[in-house]
Amino acid sequence: MRDVRELAGVVRDFLAGCRDPVLEEPGEELYSLARDCHSLEESGGRLALRVWDERRTLTRRILRVAGRSRARLDLRVEHFGKREGALTLLDRAAVSNYACAGRCARQSFSERFRRMLFRQFPGAPVTRLSSEPDLAHSLSPVFPRALLESAGSALAAIAAPPGSAHPEGILTFGLIWLDYLRRRGLKIRTLALFVPEGREGALRLRAIQLNSNAVTCRIFAYSGSGEQSLDFCDSGNVDTRLERERIFPELPQATPEKRMEAGILNAIETLDARLRPDPVYCQAATFAAGQRGIMDILAVDRSGRLTIVELKASEDIHLPLQALDYWIRVKWHLDRGELQARGYFPRVELRREPPRLILAAPALQFHPANETILRFFHPTIEVVRVGLSPDLRVMFRM
């Protein structure tokens, strides 16, 4: 297609038929092609496409159409230095492009992640980087992962993309990635985690409680202006509060977890014979790092030591670290003598030892990766897994 006007007409017609047009170029984040952030300019027998957003500008000379369909237009373009390359226009709203747009977004962020790694670890080349799923090894496509190697040393890294609904989940998959690499003979101690700026609070609280002999975490908060290395060793300022809600369980509700909760509360000693049947608090609200969590059961044993019971009715890869969130918050209030001041456990002399943690789920519903994550916990965190039968009998305790 040699005529510039004809070429421009093809591009304009395609964009006019899109509900959510975007531009994809390999190695870059997607650009929106909303009406007020792009232009198509004909000059001197050339057709130039300019696209911009709050922090980037892209200009490409369009050479020809390489392929087209209703929701996709493949173009060949000229880069600086007269190098030829590929560029694709997509209608992100088209069902046929859902998987493609997701893959493009993952690939684009992976390349951004590569640049972050180059800036933060200039002497350690990236020898492996992937955002592809690996279900057999519980490696998520949501968080791109990397391996850096230099002079006989290695480092594992993982990143949470902007807009992640739960960026704190990066630690689960980061530890799984670290373990995966170690199982392949690599001697790796350091795990670098990159999260969007402002979303690092919960991640920092979790990382503090890991065993430093098992892993050394480095956390970086990134934004459009770069990355900042965080000091997470100081846990002295935990923004958290605990609100007393209810002591007795509600009637069993439709969800399996509610039925489990009610059954356990009626016979909590089945989980551990040392636990007092009363008082027991369920679904106590906790707040920390700007997030609200629900702790399933807070109990105390006959010696006065607190016990947190986290219940799951189905397999959950994040179970250990979700439970750790609650443990962190309860311990914070215990250390400051605030629980009984708020009406918890009246007439019980609470011990100052860290709370015990019980993870309870149907016997066949513990995710295989849970054991891997627990091996990274600090040894002062006592964790017991309890497998339950359908009628809530204990099948195993480990």
[Y] and [X], any side-chain heavy atoms less than 4.5 Å apart:
{"X": "R68", "Y": "V10", "value": "yes"}
{"X": "H367", "Y": "S138", "value": "yes"}
{"X": "L205", "Y": "L203", "value": "no"}
{"X": "V65", "Y": "L75", "value": "yes"}
{"X": "F194", "Y": "Q120", "value": "yes"}
{"X": "I158", "Y": "P144", "value": "no"}
{"X": "F376", "Y": "P320", "value": "no"}
{"X": "L319", "Y": "L359", "value": "yes"}

With a 3.5 Å distance limit and no angle check, can you tell me whether [X] reaches the backbone of [Y] through a side-chain donor-acceptor pair?
{"X": "R60", "Y": "A86", "value": "no"}
{"X": "D91", "Y": "D20", "value": "yes"}
{"X": "D179", "Y": "L175", "value": "no"}
{"X": "W327", "Y": "L357", "value": "no"}
{"X": "R145", "Y": "E132", "value": "yes"}
{"X": "R182", "Y": "I188", "value": "yes"}
{"X": "R189", "Y": "T216", "value": "no"}
{"X": "Q209", "Y": "D325", "value": "no"}
{"X": "R61", "Y": "R46", "value": "no"}
{"X": "S131", "Y": "S110", "value": "no"}

Stepwise side-chain hydrogen bond (donor to acceptor under 3.5 Å, both in side chains) test for S39 and E41:
CA-CA 6 Å; S39 66; E41 302 166 359; 3.1 Å; yes
Taking only residues two or more places apart in sequence, or in another chain, which ones meet F345 in a ring-ring contact (aromatic ring centres under 6.0 Å, His included)?
Y281
In terms of side-chain geometry, is the basic nitrogen of [X] or [Y] positioned less than 4.0 Å from the acidic oxygen of its partner?
{"X": "R119", "Y": "E227", "result": "yes"}
{"X": "R302", "Y": "E349", "result": "no"}
{"X": "R276", "Y": "D278", "result": "no"}
{"X": "R64", "Y": "E84", "result": "yes"}

In terms of hydrophobic clustering (I, L, V, M, F, W, Y; side-chain heavy atoms under 4.5 Å; direct or indirect links), are V394 and I264 co-clustered?
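The answer is yes; both residues are in one hydrophobic cluster.
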Treating Ile, Leu, Val, Met, Phe, Trp and Tyr as nodes and any side-chain heavy-atom pair under 4.5 angstrom as an edge, say whether L191 and V142 lie in one connected cluster.
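L191 and V142: one cluster.
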Please report the interatomic distance [atom1]([X]) to [atom2]([Y]), rounded to the nearest 0.5 Å.
{"X": "L33", "Y": "E24", "atom1": "CG", "atom2": "CD", "value": "12.0 Å"}
{"X": "T127", "Y": "E149", "atom1": "OG1", "atom2": "CD", "value": "3.5 Å"}
{"X": "L374", "Y": "L324", "atom1": "CG", "atom2": "CG", "value": "9.5 Å"}
{"X": "L7", "Y": "L47", "atom1": "CG", "atom2": "CG", "value": "5.0 Å"}
{"X": "D134", "Y": "I176", "atom1": "CG", "atom2": "CD1", "value": "11.0 Å"}
{"X": "L155", "Y": "L147", "atom1": "CG", "atom2": "CG", "value": "8.5 Å"}

What are the two closest heavy atoms between [X] and [Y], and how far apart are they?
{"X": "R114", "Y": "L129", "result": "CB-CD1, 3.9 Å"}
{"X": "V126", "Y": "A146", "result": "CG1-CB, 4.4 Å"}
{"X": "A8", "Y": "L40", "result": "O-CD2, 3.8 Å"}
{"X": "A94", "Y": "R19", "result": "N-NH2, 4.4 Å"}

Can you check side-chain contact (heavy atoms from CB on, under 4.5 Å) on T59 and L49, steps first, answer last?
CA-CA 6 Å; T59 302; L49 175 63; over 6 Å; no
Could you note down all residue pairs passing ring-ring contact (aromatic ring centres under 6.0 Å, His included) where residues 56-75 supplies at least one of them, sequence neighbours left out?
none
Which residue pairs pass the ring-ring contact (aromatic ring centres under 6.0 Å, His included) test with at least one member in residues 151-187, sequence neighbours excluded?
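For residues 151-187: H137-Y180, F143-F173, F173-H318, W177-Y180.
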Could you go through the side-chain hydrogen bond (donor to acceptor under 3.5 Å, both in side chains) check for D301 and T307 one step at a time?
CA-CA 7 Å; D301 67 22; T307 299; 4.9 Å; no
Tell me whether R336 forms a cation-pi arrangement with W332, defined as NZ or CZ under 6.0 Å from the six-membered ring centre and within 45 degrees of its axis.
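Satisfied, under 6.0 Å and within 45°.
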R56 charged N/C atom sitting above Y31 aromatic ring, 6.0 Å / 45°:
yes
F220 vs L193, side-chain contact (heavy atoms from CB on, under 4.5 Å): CA-CA, chis, key distance, verdict:
CA-CA 6 Å; F220 299 86; L193 305 114; over 6 Å; no
Run the numbers on R385 and F366 for side-chain contact (heavy atoms from CB on, under 4.5 Å), then give the verdict.
CA-CA 9 Å; R385 283 178 293 160; F366 280 99; 4.0 Å; yes
Determine whether more than 12 heavy atoms belonging to other residues, nucleotides or ligands lie under 6.0 Å from atom CZ of R397.
yes
Surrounding CZ of R5 (heavy atoms of other residues, nucleotides or ligands, distance under 6.0 Å), is the total greater than 12?
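For R5, atom CZ is not crowded (no more than 12 foreign heavy atoms under 6.0 Å).
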side-chain contact (heavy atoms from CB on, under 4.5 Å) between D74 and L89, worked out:
CA-CA 6 Å; D74 293 308; L89 308 184; over 6 Å; no
Show, in sequence, the C-alpha distance, side-chain angles and deciding distance for Q365 and S314, and conclude whether the side-chain hydrogen bond (donor to acceptor under 3.5 Å, both in side chains) test is met.
CA-CA 5 Å; Q365 293 294 322; S314 59; 5.4 Å; no
